[in-house]
Asks: 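For reference, the structure I am asking about is given below.
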Amino acid sequence: MKSDAQLQQDVLAELRWEPSVHATQIEVQVKDGIVTLTGEVGSTLEKWNAERASQRVAGVRGLAMALDVHLSTPARRSDADIARSVHNVLEWLVVLPVDTVGALVESGWVTLTGSVECQYQKHAAVDAVRSMLGVRGVTDEIGIEAADGSAAVKADIEAAIKRRALTEASQITVDVQGGDVTLAGQVHSWSERELATHAAWGTPGVRQVVDKMLLAA
């Protein structure tokens, strides 16, 4: 197990390695494996990239984001201007049906609302808005529409897992309660695990995926 001092050095090194992050403006504190990032970044996208970079480091047990987003003068825009741009961007996203996601903008912070069929549609909307000029942050309040029935969702997920040619697909069990999916059983690699969870998240009506799969010895 890494010491807090070693974990701090590893996170700092990963931030310096990430080209989209200005690591010199970020301070890293670690206590009992919990990493806290403080300082200032120039955009919401940079903040998100710093978060992802820190999560890549082995040994990180938790992450607290205390980074402030400070927009330079050219990047500052009115809320009305941001709202118009967000509306246009969401309309252009081919994965989103028209008028399914709305946006509220206050002091550069965007709150997304509405409902979609799949988790990947939520991610697509948030990712598109997060990188926009002038956006200080994004709150995701997009819901996922309820599925027609648990049996149909279960069958769709099991079929998707088999299509992905998982060598031990038969050892993965799928339990569906409403929009909540629990995956259990054994897999032989992290890639198999990710393919299975991706198959579940890509199924319409899935609101939550609980991963209880174990790596085979």
Side-chain angles (χ1 to χ4, degrees), residues 4-5 7-96 99-116 118-144 201 207-208:
D4 286 348
L7 198 54
Q8 181 188 41
Q9 292 305 311
D10 288 352
V11 172
L12 283 169
E14 190 69 19
L15 291 172
R16 287 193 292 266
W17 182 84
E18 174 56 53
S20 62
V21 173
H22 294 86
T24 56
Q25 301 180 47
I26 299 176
E27 294 183 5
V28 178
Q29 298 175 344
V30 183
K31 184 176 182 180
D32 299 329
I34 307 299
V35 176
T36 301
L37 301 186
T38 59
E40 199 172 84
V41 292
S43 69
T44 304
L45 183 59
E46 184 180 358
K47 181 177 180 179
W48 184 72
N49 286 331
E51 177 182 346
R52 293 292 297 273
S54 301
Q55 291 173 335
R56 289 196 296 262
V57 177
V60 173
R61 299 178 56 235
L63 180 63
M65 296 294 291
L67 291 172
D68 293 325
V69 177
H70 180 73
L71 301 176
S72 62
T73 301
R76 293 175 186 168
R77 305 168 65 189
S78 69
D79 287 346
D81 189 21
I82 294 173
R84 284 191 293 269
S85 296
V86 169
H87 175 75
N88 290 336
V89 166
L90 294 177
E91 277 197 332
W92 296 336
L93 279 178
V94 295
V95 299
L96 285 183
D99 295 332
T100 54
V101 176
L104 172 67
V105 185
E106 184 174 355
S107 300
W109 197 281
V110 180
T111 300
L112 298 177
T113 59
S115 62
V116 293
C118 300
Q119 181 75 7
Y120 78 85
Q121 293 173 316
K122 283 166 59 76
H123 288 169
V126 173
D127 289 346
V129 173
R130 181 188 286 121
S131 60
M132 292 178 58
L133 185 68
V135 172
R136 298 183 60 249
V138 180
T139 298
D140 176 11
E141 294 185 358
I142 304 171
I144 296 181
W201 274 124
R207 297 176 178 174
Q208 177 176 301

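Note: hydrogens, waters and symmetry copies are ignored here, and every other heavy atom, side chains too, is used.
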Asks: With side chains defined as the heavy atoms from C-beta onward, is the minimum distance between Gln55 and Val60 less than 4.5 Å?
Replies: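 Contact flag for Gln55/Val60 side chains = no.
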
Asks: Donor-acceptor pair, distance only, cut-off 3.5 Å: does the side chain of Thr139 make one with the backbone of Thr111?
Replies: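 No: the side chain of Thr139 does not pair with the backbone of Thr111.
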
Asks: Please report the shortest heavy-atom distance between Leu7 and Ala58, naming the atom on each side.
Replies: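 Closest heavy-atom pair between Leu7 and Ala58: CD1-O, 3.5 Å.
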
Asks: Are side-chain heavy atoms of Val28 and Val35 found at a separation under 4.5 Å?
Replies: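 Heavy-atom side-chain distance check passes, below 4.5 Å.
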
Asks: Treating Asp140 as the side-chain partner and Leu112 as the backbone partner, does any N or O pair qualify as donor plus acceptor under 3.5 Å?
Replies: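 Not a single qualifying donor-acceptor pair exists.
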
Asks: Do Arg207 side-chain atoms and Ile144 backbone N/O form a donor-acceptor pair below 3.5 Å?
Replies: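 It does hold such a pair.
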
Asks: Taking Gln121 for its side chain and Leu96 for its backbone only, find out whether a donor-acceptor pair lies under 3.5 Å.
Replies: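 Side chain of Gln121 to backbone of Leu96, a donor-acceptor pair under 3.5 Å: no, none is there.
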
Asks: Output the distance between atom CZ (Arg130) and atom CD (Glu46), rounded to the nearest 0.5 Å.
Replies: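 If I round to the nearest 0.5 Å, the distance is 13.5 Å.
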
Asks: Please assess Leu104 against Val110 for the test side-chain contact (heavy atoms from CB on, under 4.5 Å), listing each intermediate value before the final yes or no.
Replies: CA-CA 6 Å; Leu104 172 67; Val110 180; over 6 Å; no

Asks: For the side chain of Glu51 and the backbone of Met65, is there at least one donor-acceptor N/O pair under 3.5 Å apart?
Replies: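 No; judged by distance alone, with no hydrogens or angles, the pair does not exist.
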
Asks: With a 4.5 Å cut-off on side-chain heavy atoms, are Ser107 and Trp109 touching?
Replies: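 No, every pair of side-chain atoms sits at 4.5 Å or beyond.
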
Asks: Is there side-chain contact between Leu63 and Thr36, with heavy atoms separated by less than 4.5 Å?
Replies: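 When only atoms from C-beta onward are counted, Thr36 and Leu63 do not touch, as no gap falls below 4.5 Å.
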
Asks: Show the nearest heavy-atom pair for residues Val69 and Gly42, with the distance to one decimal.
Replies: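 Closest pair (atom of Val69, atom of Gly42, distance): CG1-C, 4.4 Å.
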
Asks: Could you check whether any side-chain N or O of Asp32 sits under 3.5 Å from a backbone N or O of Ile34, counting only pairs where one atom can act as donor and the other as acceptor?
Replies: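 A pair under 3.5 Å: no.
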
Asks: Got a donor-acceptor contact below 3.5 angstrom from the Glu91 side chain to the His87 backbone?
Replies: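 It does not hold such a pair.
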
Asks: A side-chain contact here means heavy atoms from C-beta on lying under 4.5 Å apart; do Arg56 and Trp17 qualify?
Replies: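 Yes - at least one pair of side-chain heavy atoms lies under 4.5 Å apart.
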
Asks: If you round to the nearest 0.5 Å, how far is CG of Asp4 from CZ of Arg61?
Replies: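 Here the rounded value is 9.5 Å.
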
Asks: Please tell me if the side chains of Val41 and Ile26 come closer than 4.5 Å, counting only heavy atoms from C-beta onward.
Replies: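 Touching, per the 4.5 Å side-chain cut-off.
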
Asks: Tell me, do Leu67 and Glu40 make a side-chain contact under 4.5 Å, heavy atoms counted?
Replies: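 Not touching, per the 4.5 Å side-chain cut-off.
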
Asks: Tell me the closest heavy-atom pair linking Val21 and Ala50, and the distance in Å.
Replies: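 Looking at all heavy atoms of both residues, the shortest contact is CG2-N, 3.7 Å.
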
Asks: Considering all heavy atoms of both residues, which atom of Lys122 and which atom of Ile142 are nearest to each other, and what is their separation?
Replies: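 Heavy-atom minimum between the residues: NZ-O, 2.6 Å.
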
Asks: Do Glu14 and Val11 have side chains that approach each other closer than 4.5 Å (heavy atoms only, starting at C-beta)?
Replies: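 Of all side-chain heavy-atom pairs linking Val11 with Glu14, none is under 4.5 Å.
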
Asks: Could you state the interatomic distance from CG (Leu93) to CG (Asp127), rounded to the nearest 0.5 Å?
Replies: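 Taking CG in Leu93 and CG in Asp127, the distance rounds to 9.5 Å.
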
Asks: When rounded to the nearest 0.5 angstrom, what distance separates NE2 in His70 from CZ in Arg136?
Replies: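 Separation between the atoms: 10.0 Å.
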
Asks: To check you understand the geometry: which heavy-atom pair defines the closest contact between Ser54 and Leu37, and what is its length?
Replies: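 Here Ser54 and Leu37 meet closest at OG-CD1, 3.4 Å.
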
Asks: Got a donor-acceptor contact below 3.5 angstrom from the Ser115 side chain to the Gly143 backbone?
Replies: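 Side chain of Ser115 to backbone of Gly143, a donor-acceptor pair under 3.5 Å: no, none is there.
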
Asks: Is there a donor-acceptor pair closer than 3.5 Å between any side-chain N or O of Ser20 and the backbone N or O of Asn49?
Replies: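 Not a single qualifying donor-acceptor pair exists.
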
Asks: To the nearest 0.5 Å, what is the distance between CG (Asp81) and CZ (Arg84)?
Replies: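 Rounded to the nearest 0.5 Å, the CG-CZ separation comes to 5.0 Å.
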
Asks: Determine the minimum heavy-atom distance between Asp79 and Gly108, stating which atoms define it.
Replies: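 Scanning both residues, the minimum pair turns out to be OD1-N, 2.9 Å.
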
Asks: Are side-chain N/O atoms of Arg77 and Ser85 paired as donor and acceptor at under 3.5 Å?
Replies: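 Looking only at side-chain atoms, Ser85 and Arg77 do form a donor-acceptor pair, the distance falling under 3.5 Å.
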
Asks: How far does CD1 of Ile82 sit from CD of Glu106, to the nearest 0.5 angstrom?
Replies: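 CD of Glu106 is found 12.0 Å from CD1 of Ile82.
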
